[in-house]
Amino acid sequence: MLTFKNVTFRYPEDSEAMMTNLSFHVDRGEFVSLIGASGCGKSTIFRLINRLLEADQGEIYVDGKEIHGIKSYAGYMPQKDLLFPWRTIEKNLCLPMEIQKKSKAEQEKRVAEVLKEVGLEDYRNKYPKDLSGGMRQRISFARTLLTDADLMLLDEPFSALDALTRMDMQEWLLSQWQHFHKTILFITHDVEEAIFLSKKIYIITDTPITELEVVEVPEGYPRDREFLRRPDIEALKAKLTMKLRRQVM
């Protein structure tokens, strides 16, 4: 679904490259987390996928097509929900469809469908200020779904939530992923979050990034939190945490 092929990128103000000849891939339908220390290049990878940055060398493919030749190929959900406070929830959700110039009738139909799926149909005419943090993130996810992209890029979407809400949102996100069959690349600093959500975890261990270390999570879906207490999972969490600490040091 997503392929990096020998991608090199350097910020103009930096003397060294952020990544050099980086190659990796994410299979269709996978839930993959990307972890690494702050400033290591996780969000840079997302910006390159979205063409907010341009690679100096190499190619990026989505669904087998080079990204410069396609449109609306990736939905992006940032840390902050970025809902417009002056728009109702319905009008916030309409935004990606407005950009795609879809009819008002289709916009209304799709909004009704997705609000039902995320369990917030009663909030259609509310404003962002009327919603809790978890609800706002559900709406942000719903808006990302309405881009109609099969690839979804989620950049630490739960980092600002309290611990209990964050756990609820993780479980909710897994249920949505299984329902909509999207491919998700998820950035997080939280090792346990990465283990709970992901089929695979890609680890940035060095800068410049030349490769991503890949760890498979030995647990199928559906999941509950009990598996996080297993000795092998506790050992995996300790191993990943140590890798991140070494990078910081």
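The aromatic rings of F84 and W86 sit parallel, their planes meeting at an angle under 30°, below the 60° perpendicular limit.
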Stepwise salt bridge (charged side-chain N to carboxylate O under 4.0 Å, His left out) test for K126 and E90: CA-CA 8 Å; K126 300 285 188 181; E90 177 183 22; over 6 Å; no
Residue pair T165, D168: steps toward the side-chain hydrogen bond (donor to acceptor under 3.5 Å, both in side chains) verdict: CA-CA 5 Å; T165 303; D168 287 342; 5.6 Å; no
If you apply the rule salt bridge (charged side-chain N to carboxylate O under 4.0 Å, His left out), what do you find for R10 with D56, and how did you get there? CA-CA 7 Å; R10 180 180 67 85; D56 298 322; 5.4 Å; no
Working for salt bridge (charged side-chain N to carboxylate O under 4.0 Å, His left out), residues K101 and E98: CA-CA 5 Å; K101 301 189 184 303; E98 289 174 10; over 6 Å; no
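Side chains of L34 and I201 form no contact here, defined as non-hydrogen atoms less than 4.5 Å apart. Side-chain contact between M18 and P208 is absent, with no heavy atoms from C-beta onward closer than 4.5 Å. Under the 4.5 Å side-chain criterion, counting only non-hydrogen atoms from C-beta, L212 is in contact with L22. The side-chain heavy atoms of L83 and R143, taken from C-beta on, include a pair separated by under 4.5 Å. Side-chain contact between N92 and P128 is present, with at least one heavy-atom pair separated by less than 4.5 Å. A 4.5 Å side-chain heavy-atom check between L146 and Q107 finds every atom pair outside the cut-off. When side chains are defined from C-beta on, E106 does not count as touching V111, because their heavy atoms never get closer than 4.5 Å. Within the 4.5 Å cutoff, no side-chain heavy atoms of M97 are placed close to those of I99.
Each of L95 and Y127 belongs to its own hydrophobic cluster when Ile, Leu, Val, Met, Phe, Trp and Tyr are linked at side-chain heavy-atom distances under 4.5 angstrom. Cluster annotation: L240 and L228 are assigned to the same hydrophobic cluster (Ile/Leu/Val/Met/Phe/Trp/Tyr, side-chain heavy-atom contacts under 4.5 Å, transitive). V114 is not connected to L82 by any chain of hydrophobic side-chain contacts under 4.5 Å among Ile, Leu, Val, Met, Phe, Trp and Tyr, and they are in different clusters. Both V191 and V215 are part of a single hydrophobic cluster, where members link through side-chain heavy atoms under 4.5 Å apart. Side-chain heavy atoms closer than 4.5 Å link hydrophobic residues (I, L, V, M, F, W, Y) into clusters, and following such links, even through other members, never connects L52 to V7.
Side-chain contact, Y11 with T44: a donor N or O sits under 3.5 Å from an acceptor N or O. The closest side-chain donor-acceptor pair between H25 and E30, if any, does not fall under 3.5 angstrom. Between the side chains of E193 and T188, at least one donor N or O sits under 3.5 Å from an acceptor N or O. Looking at D155 and S43, their side chains do bring a donor and an acceptor atom within 3.5 Å of each other.
Ionic pairing of K199 and D27 is not present here: no N-O contact between side-chain nitrogen and carboxylate oxygen is shorter than 4.0 angstrom. Salt bridge status for D190 with R166: present, with a side-chain N to carboxylate O gap under 4.0 Å. Ionic pairing of E213 and K243 is present here: one or more N-O contacts between side-chain nitrogen and carboxylate oxygen are shorter than 4.0 angstrom. Looking at R229 and E226, a side-chain N of the basic residue comes within less than 4.0 Å of a carboxylate O on the acidic one, giving a salt bridge.
Nearest heavy-atom pair across R230 and E219 is NH1-OE1, 2.6 Å. Residue G29 comes nearest to T183 through the heavy atom pair N-OG1, 2.7 Å, listed as atom of the first residue, atom of the second, then distance. Across all non-hydrogen atoms, the minimal contact from Q79 to S159 is NE2-OG, 3.0 Å.
With a 6.0 Å cutoff to the six-membered ring centre and a 45° limit on the axis angle, R138 does not count as a cation-pi contact of F141. R225 forms a cation-pi arrangement with F196, by the criterion of a distance under 6.0 Å to the ring centre and an angle within 45° of the ring axis.
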